[in-house]
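The next block holds one structure in the form of structure tokens; read it before the comments.
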Amino acid sequence: RQVIQGLEPVALQELRALGAPRSWTVEGHLEAMPSLTPIRGQLTAEHRGNVLALEAELATIVTLTCDRCLGQFNQKLSCSPSELIWLGDAPPSEQEVETSEDVASMEGLMECLDPRGHFDPEQWVFEQLHLQRPVVNRCGEHCPGAPGLNQAQQDHERTVQDPRWEALRQLRNR
């Protein structure tokens, strides 16, 4: 499999000197995320002084293993992420937040990059798509359940009740 061509790390100073957004066409596979179809999309990065503004449209199909029946199924992953990354050794101070339009709109924790460092577009694409993967892999409503369990075992599991849940069952039945 080929890795995505052209997504090599780029120096943040190079993006700053460019003075305009830089765009990448994403087309290919990532070693860290095997996929059924190539990852396709667009990525744009713009150096805005104290922040790096990132936007993308990404899509692929991955093969996952169901956590319940252990069967394999295909899952489409697609996203349109938009992120601002603070360029500094530490998160912005209150004064920096007040003086930067971009940063004022940012909420919660934010990622920081060394302004003398590099931005790795391939790693960012991987992270954005990986965040789209389900926490629990289920093949769907038609899932037959765990392999090796016959119907009698499944019925027995449904009728055996944990006494610790009795109070909740009583509340639900009211």
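Just so you know, these numbers use all the heavy atoms, side chains as well, and skip hydrogens, waters and symmetry mates.
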What's the separation between atom CD in Glu46 and atom CD in Glu55, rounded to the nearest 0.5 Å? 9.0 Å
Rounded to the nearest 0.5 Å, what's the gap from CD on Gln72 to OG1 on Thr65? Could you check? 4.5 Å
Do you know which two heavy atoms are closest between Glu122 and Ile4, and how far apart they sit? OE1-O, 3.9 Å
State, to 0.1 Å, how close Leu64 and Gln75 come at their nearest heavy-atom pair, and which atoms those are. CD1-CB, 3.7 Å
How long is the straight-line distance from CD of Gln123 back to CG of Leu7, given to the nearest 0.5 Å? 11.5 Å
When you look at CZ of Arg164, are more than 12 heavy atoms from neighbouring residues, nucleotides or ligands closer to it than 6.0 Å? no
May I have the step-by-step check of side-chain contact (heavy atoms from CB on, under 4.5 Å) for Val125 and Met33, ending in yes or no? CA-CA 10 Å; Val125 165; Met33 179 178 277; over 6 Å; no
Strictly distance-based, threshold 3.5 Å: is any side-chain N or O of Thr60 a donor or acceptor partner for the main-chain N or O of Thr37? yes
Above 12 or not: heavy atoms from other molecules or residues under 6.0 Å from CD of Glu127? yes
Main-chain N/O of Pro115 paired to Gln13 side chain as donor or acceptor, under 3.5 Å: yes
Going by chain and number, the hydrophobic cluster around Leu18 (ILVMFWY, side chain to side chain under 4.5 Å) further includes none
For the CH2 atom of Trp86 and the CG atom of Leu52, what is their distance to the nearest 0.5 Å? 12.5 Å
Value for CG (Leu113) from NE2 (His118), rounded to nearest 0.5 Å, stands at 11.5 Å
Could you tell me which non-hydrogen atom of Val62 sits nearest to which non-hydrogen atom of Pro34, and how far apart they are? CG1-O, 3.7 Å
Heavy-atom distance under 4.5 Å between the side chains of Asn50 and Leu87, does that happen here? no
Smallest separation among heavy atoms of Phe119 and Leu12, with atom names: CB-CD2, 3.8 Å
Name all residues meeting the side-chain hydrogen bond (donor to acceptor under 3.5 Å, both in side chains) criterion together with Thr25; count only those two or more places apart in sequence or in a different chain, and write none if there are none. Gln42
Do Leu30 and Ser35 have side-chain heavy atoms sitting under 4.5 Å apart? no
Grab the two heavy atoms, one from Pro38 and one from Glu27, that are nearest each other, plus how far apart they are. CB-OE2, 4.1 Å
So Trp124 and Gln128, do their side chains get closer than 4.5 Å, heavy atoms only? yes
Considering non-hydrogen atoms only, spot the tightest contact between Cys139 and His142 and give its length. O-CE1, 3.1 Å
Residue pairs involving residues 131-140 (criterion side-chain hydrogen bond (donor to acceptor under 3.5 Å, both in side chains); sequence neighbours excluded): none
About how many Å separate CZ of Arg48 and CD1 of Ile85, when rounded to the nearest 0.5 Å? 12.0 Å
